[in-house]
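To start, the structure under review is shown below, and the notes come after it.
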Amino acid sequence: MQQLILVRCFKFSILLCAFFTSSVFSCSCSQYYMPLKAEPTWVVSQKSNDLISLASGAYQCSGIKSQDEKRADEAARVSLSKLINTHVISEERTAISVHNSIAKSKYQAIALQKSQQVLKGATIFDRWVDPQNCIVYSGIKVSQQDLQAGKAELEHQFKQKLIAHNTCIKASGEQSEQIKSLLSEELVQQGMMFNTAKKCEITYLIDNQVELLKADAAINYLTIKVLHENRSIWHKTYKGKGVTFGGKSAIELFELAMADSIDLFHVDLMNEAKLERLPYE
């Protein structure tokens with residue numbers, strides 16, 4: 001009877017071992033890093049102290065090692081970014097509804113660029129695969145010295161942007177107060193700072209002229225000159241059009257033409273480097 005029990009226990013052990021072995025090697029990434037090793041402590045722990053910040057990221061195996069490692073590395077960078085709070089400088093931009101898609105894509109690119117800049121000294125120091133759950137893990141770390149260097153570089157880059165400087169608008173010409181209000185709204189939407197208690201560092205000199213061509217059409221000439229401490233960095237005239245087929249008044253046609261000029265300027269504001277950052281260090 002005792003021998004029978006021993007035989008059955010031995011068979012059960014063999015079956016259990018076979019099941020474990022089968023489950024391990026049925027995972028497409030189980031042999032990425034051989035020999036297999038126990039779960040490292042960094043997989044489930046994150047830390048940040050005076051010397052170093054450490055985090056991890058995970059990705060479900062696909063069987064393509066290079067892709068799995070890349071995705072796990074990306075997840076690790078996201079985790080590290082959250083751990084050390086890389087959003088040191090707020091640079092979020094919004095825009096009026098007709099331009100929402102442009103603003104959204106641009107903000108996403110800015111956020112990614114900021115994270116990459118701050119974490120450019122970060123390194124992947126180890127990888128591990130969980131053969132039971134078929135998951136690849138990447139461990140990432142960055143020294144506080146590299147982190148501070150990245151933040152300093154990011155802040156330096158931010159100070160080169162126009163939105164980092166106090167702004168004011170000086171308007172002349174026809175409908176000057178109205179066009180000034182429209183331009184102010186546009187610039188605020190893009191994150192420009194207006195503080196009358198502080199020195200004006202970026203000045204928008206605008207001159208506006210409107211022309212009624214006929215009863216159903218008007219032209220608006222908006223000239224915008226941008227100065228940084230009296231140094232010209234932008235100068236352009238935007239020809240806006242106001243057209244109606246419904247018998248609008250001259251004032252309404254002017255408003256349409258002025259809004260069109262602002263829309264034309266918006267295109268440059270979103271795409272021209274000279275309107276985003278100073279052209280010199």
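- A donor-acceptor contact shorter than 3.5 Å is absent between the side chain of S81 and the backbone of R77.
- The side-chain contact (heavy atoms from CB on, under 4.5 Å) search around I52 returns K47, N49, K141, not counting sequence neighbours.
- Neither L213 nor L253 shares a network with the other; the hydrophobic side chains, linked directly or stepwise wherever heavy atoms of I, L, V, M, F, W or Y lie under 4.5 Å apart, form separate groups for each.
- Remark: the T223 side chain and the D207 side chain contain no N/O donor-acceptor pair separated by less than 3.5 Å.
- Atom CD of E255 is separated from atom CD of Q175 by 8.0 Å, given to the nearest 0.5 angstrom.
- Between I202 and N166, every side-chain heavy-atom pair lies at or beyond the 4.5 Å cut-off.
- Annotation: the span from K225 atom NZ to I206 atom CD1 amounts to 14.5 Å, rounded to 0.5 Å.
- Listed here is the closest heavy atom pair of T167 and M192: OG1-CB, 4.1 Å.
- Side-chain contact between L54 and S48 is absent, with no heavy atoms from C-beta onward closer than 4.5 Å.
- E186 and H266 share a donor-acceptor pair across their side chains, judged by distance under 3.5 Å alone.
- Minimum interatomic distance between V129 and C61 (heavy atoms only, all atoms of both residues): CG2-SG, 4.4 Å.
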Task: Verdict with supporting geometry, L80 and V142, side-chain contact (heavy atoms from CB on, under 4.5 Å) - done: CA-CA 9 Å; L80 184 60; V142 63; 3.9 Å; yes
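- There is a side-chain donor-acceptor pair under 3.5 Å between N208 and N220.
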Side-chain donor-acceptor pairs under 3.5 Å in residues 238-247, sequence neighbours left out?
residue : atom : partner : partner atom : Å
Y238    : OH   : W234    : NE1          : 3.1
Y238    : OH   : D268    : OD2          : 2.8
T244    : OG1  : G246    : N            : 3.0

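- Taking CD of Q31 as the start and CE of M34 as the end, the distance is 5.0 Å to the nearest 0.5 Å.
- For a disulfide, the SG atoms of both cysteines must be under 2.5 angstrom apart; this fails for C134 and C29.
- A donor-acceptor contact closer than 3.5 angstrom is absent between the side chains of Q178 and S181.
- Judged by distance alone, the side chain of N271 and the main-chain N or O of V267 form a donor-acceptor pair under 3.5 Å.
- For D126, the salt bridge (charged side-chain N to carboxylate O under 4.0 Å, His left out) partners two or more places apart in sequence, or in a different chain, are K37.
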Task: Intermediate values then yes/no, side-chain contact (heavy atoms from CB on, under 4.5 Å), I169 and S184 - done: CA-CA 8 Å; I169 299 174; S184 297; 3.2 Å; yes
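- Under the ring-ring contact (aromatic ring centres under 6.0 Å, His included) criterion, the residue pairs touching residues 122-142 are W42-F125, W128-Y137, with sequence neighbours excluded.
- For residues 191-225, no pair satisfies ring-ring contact (aromatic ring centres under 6.0 Å, His included), with sequence neighbours left out.
- The two residues L212 and A217 make their nearest non-hydrogen contact at CD1-O, 3.4 Å.
- Across all non-hydrogen atoms, the minimal contact from G191 to I163 is O-CB, 3.8 Å.
- A continuous path of Ile, Leu, Val, Met, Phe, Trp and Tyr side chains, each step under 4.5 Å between heavy atoms, connects L275 with I224, placing both in one hydrophobic cluster.
- Annotation: the span from Q209 atom CD to E174 atom CD amounts to 4.5 Å, rounded to 0.5 Å.
- For the pair S62 and S28, the tightest heavy-atom approach, listed with the atom from each and the gap, is C-OG, 4.0 Å.
- Within the 4.5 Å cutoff, the side chain of L187 has heavy atoms near those of the F265 side chain.
- Without hydrogens or angle criteria, E155 side chain to A152 main chain gives no donor-acceptor distance under 3.5 Å.
- S232 OG to K274 NZ: the interatomic distance, rounded to the nearest 0.5 Å, is 8.5 Å.
- Checked against side-chain contact (heavy atoms from CB on, under 4.5 Å), R127 has the following partners two or more places apart in sequence or in another chain: Y33, E69, D73, I124, S138.
- Of the possible polar contacts, one joining the H165 side chain to the K159 backbone as a donor-acceptor pair under 3.5 Å is found.
- Note that CG of L162 is 10.0 Å distant from CZ of R277, once rounded to the nearest 0.5 Å.
- Proximity of E74 to Y59: side-chain heavy atoms (C-beta onward) are nowhere separated by under 4.5 Å.
- In this structure a side-chain-to-backbone donor-acceptor pair under 3.5 Å is missing from N133 to I135.
- More than 12 heavy atoms of other residues, nucleotides or ligands sit less than 6.0 Å from atom CD of Q46.
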Open item on the list: One pair to check against side-chain contact (heavy atoms from CB on, under 4.5 Å): L205 and L227. What are the steps and the verdict?
Closed with: CA-CA 8 Å; L205 297 178; L227 306 177; 3.6 Å; yes
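- A single hydrophobic cluster is seen to contain both L264 and L269, as judged by linkage of ILVMFWY side chains at heavy-atom distances under 4.5 Å, directly or through other members.
- Put simply, I233 and M193 are part of two different groups of oily side chains (I, L, V, M, F, W, Y) that touch within less than 4.5 Å, one to the next.
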Open item on the list: Please determine whether side-chain contact (heavy atoms from CB on, under 4.5 Å) holds for the pair Q190 and M270, giving the CA-CA distance in whole Å, both sets of side-chain angles, and the decisive distance to 0.1 Å.
Closed with: CA-CA 9 Å; Q190 304 309 317; M270 297 300 291; 3.2 Å; yes
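- By the rule that hydrophobic residues join a cluster once side-chain heavy atoms approach within less than 4.5 Å of another member, V44 and L83 end up as members of separate clusters.
- Closest of all the heavy-atom pairs between A122 and I140 is CB-CD1, 3.9 Å.
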